[in-house]
Amino acid sequence: MKIQDFKTFMELQAIQQFTNTNSSRSVFQDMLSELVSGDALEGTSQTLGSLLSNVEAETKSFLQPGGLTSMNINPISTAHANNQSSGTATNYDHIISQAASLYNLPEKLIKSVIKQESNFNPEATSYAGATGLMQLMPATAKSLGVHDATDPEQNIMGGSKYLSQMMTRYDGDIQVALAAYNAGPGNVDKYNGIPPFKETQNYVQKVYGTFLS
């Protein structure tokens, strides 16, 4: 067998593995016989072109809408795929609704805080040690009765309780309450309002903007 013949044989073998149709196998076997018997490469090349055309046609058919329905492939559930993201509001709507009702807060305000704090990732942890969906500091979590800050229900309930306390403390002023949630009530009291910290001012702007949108 010549080197060129061997190369052609290898190409044929790859194509035969790609397609499982009876027609493809038949053509492959005929071409293999030609190569082994030492027939002219020209005829084999022509047959190769024919086989490539068959593969191309089968590939186009496979790629058509619905082409996968005849195969044993289970598509990934869209809902399951969405749940594998860092988290969405709908994952925790029922908890947020309960917290909003219990602590007299707008649901959208709780969601806006969660969005900014952790982007709905219950395992988020900050460099300062804040944990969970609403980023509770260990001491704050303990004072709120939160034993596991990574547990979505405990975290949302604890964070909402704390936010409600800040709302009550600052007469329902959402922006000041958000500043206290971020920088602590001590800093808010010290500056008699939103502290002049760039981080806190940006935080209030983003959360309040999401709340109003």
Side-chain angles (χ1 to χ4, degrees), residues 74-213:
N74 295 321
I76 298 175
S77 167
T78 301
H80 178 71
N82 288 340
N83 287 338
Q84 298 307 306
S85 62
S86 58
T88 61
T90 55
N91 291 119
Y92 311 109
D93 275 351
H94 65 292
I95 304 175
I96 293 172
S97 179
Q98 292 175 5
S101 177
L102 181 61
Y103 296 113
N104 194 29
L105 292 171
E107 289 185 28
K108 192 172 183 180
L109 180 59
I110 299 175
K111 290 181 180 180
S112 298
V113 171
I114 295 175
K115 173 66 177 178
Q116 181 61 34
E117 291 285 357
S118 67
N119 197 28
F120 295 93
N121 178 7
E123 298 181 355
T125 302
S126 74
Y127 65 89
T131 304
L133 291 166
M134 298 188 75
Q135 290 292 278
L136 301 178
M137 293 294 290
T140 303
K142 185 177 180 180
S143 69
L144 295 167
V146 176
H147 303 293
D148 181 4
T150 63
D151 178 76
E153 183 171 5
Q154 290 188 47
N155 194 285
I156 291 174
M157 286 297 180
S160 297
K161 181 179 181 180
Y162 185 68
L163 182 59
S164 177
Q165 291 174 351
M166 297 303 101
M167 289 282 286
T168 299
R169 181 166 179 159
Y170 298 108
D171 301 319
D173 189 321
I174 293 178
Q175 295 187 70
V176 177
L178 289 173
Y181 191 96
N182 176 260
N187 282 314
V188 171
D189 293 343
K190 177 180 178 179
Y191 293 100
N192 195 30
I194 299 175
F197 309 146
K198 186 175 181 179
E199 177 185 344
T200 300
Q201 292 178 347
N202 288 338
Y203 176 88
V204 172
Q205 183 180 9
K206 289 179 180 179
V207 177
Y208 194 64
T210 300
F211 172 67
L212 295 178
S213 63

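Values in this document were obtained by computation on a predicted structure and should not be read as measured data. When reading the values below, keep in mind they use all heavy atoms of this one structure, side chains included, and skip hydrogens, waters and symmetry mates.
Contact check for Met157 versus Gln98: side-chain heavy atoms found under the 4.5 Å cut-off. For the pair Asp93/Lys111, a side-chain contact is recorded, criterion being any heavy-atom separation below 4.5 Å from C-beta on. The shortest distance between side-chain heavy atoms of Tyr92 and Ile114 does not fall below 4.5 Å. The shortest distance between side-chain heavy atoms of Thr140 and Tyr162 falls below 4.5 Å. Looking at Tyr203 and Val113, their side chains come closer than 4.5 Å, going by heavy atoms from C-beta outward.
In this structure a side-chain-to-backbone donor-acceptor pair under 3.5 Å is present from Gln135 to Gly132. Although no hydrogens or angles enter the test, the distance criterion places no donor-acceptor pair under 3.5 Å between the side chain of Ser164 and the main chain of Ser160. Although no hydrogens or angles enter the test, the distance criterion places no donor-acceptor pair under 3.5 Å between the side chain of Gln116 and the main chain of Lys206.
For Val146 against Gln154, the heavy-atom pair with the smallest separation is CG2-O, 3.5 Å. Glu107 and Ser97 get closest at one heavy-atom pair: OE2-OG, 3.4 Å. Nearest heavy-atom pair, Ala99 versus Ile156, reported as atom, atom and distance to 0.1 Å: CB-CG2, 4.1 Å.
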Atom pairs and distances, donor-acceptor, side-chain atoms in residues 176-191, under 3.5 Å, two or more places apart:
{"from": "Tyr181", "atom 1": "OH", "to": "Met134", "atom 2": "O", "distance (Å)": "2.7"}
{"from": "Asn182", "atom 1": "OD1", "to": "Thr200", "atom 2": "OG1", "distance (Å)": "2.8"}
{"from": "Asn187", "atom 1": "ND2", "to": "Ala183", "atom 2": "O", "distance (Å)": "2.9"}
{"from": "Asp189", "atom 1": "OD1", "to": "Tyr170", "atom 2": "OH", "distance (Å)": "2.8"}
{"from": "Asp189", "atom 1": "OD2", "to": "Arg169", "atom 2": "NH2", "distance (Å)": "2.5"}

**Request:** Could you walk me through whether Leu109 and Ile174 pass the side chain to side chain contact (heavy atoms under 4.5 Å, CB included) test, one step at a time?
**Result:** CA-CA 9 Å; Leu109 180 59; Ile174 293 178; 3.9 Å; yes
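Under the rule for a side chain to side chain donor-acceptor pair (under 3.5 Å), the partners of Thr150 that lie at least two apart in sequence or sit in another chain are Asp148.
Each of Leu133, Leu144, Ile95 was evaluated against Asn155; a single residue qualifies, Leu133, per the side chain to side chain contact (heavy atoms under 4.5 Å, CB included) test.
Taking OG of Ser118 as the reference point, atom CZ of Phe120 lies at 7.5 Å (rounded to 0.5 Å).
A donor atom on one side chain and an acceptor atom on the other are found under 3.5 Å apart for Lys115 and Asn119.
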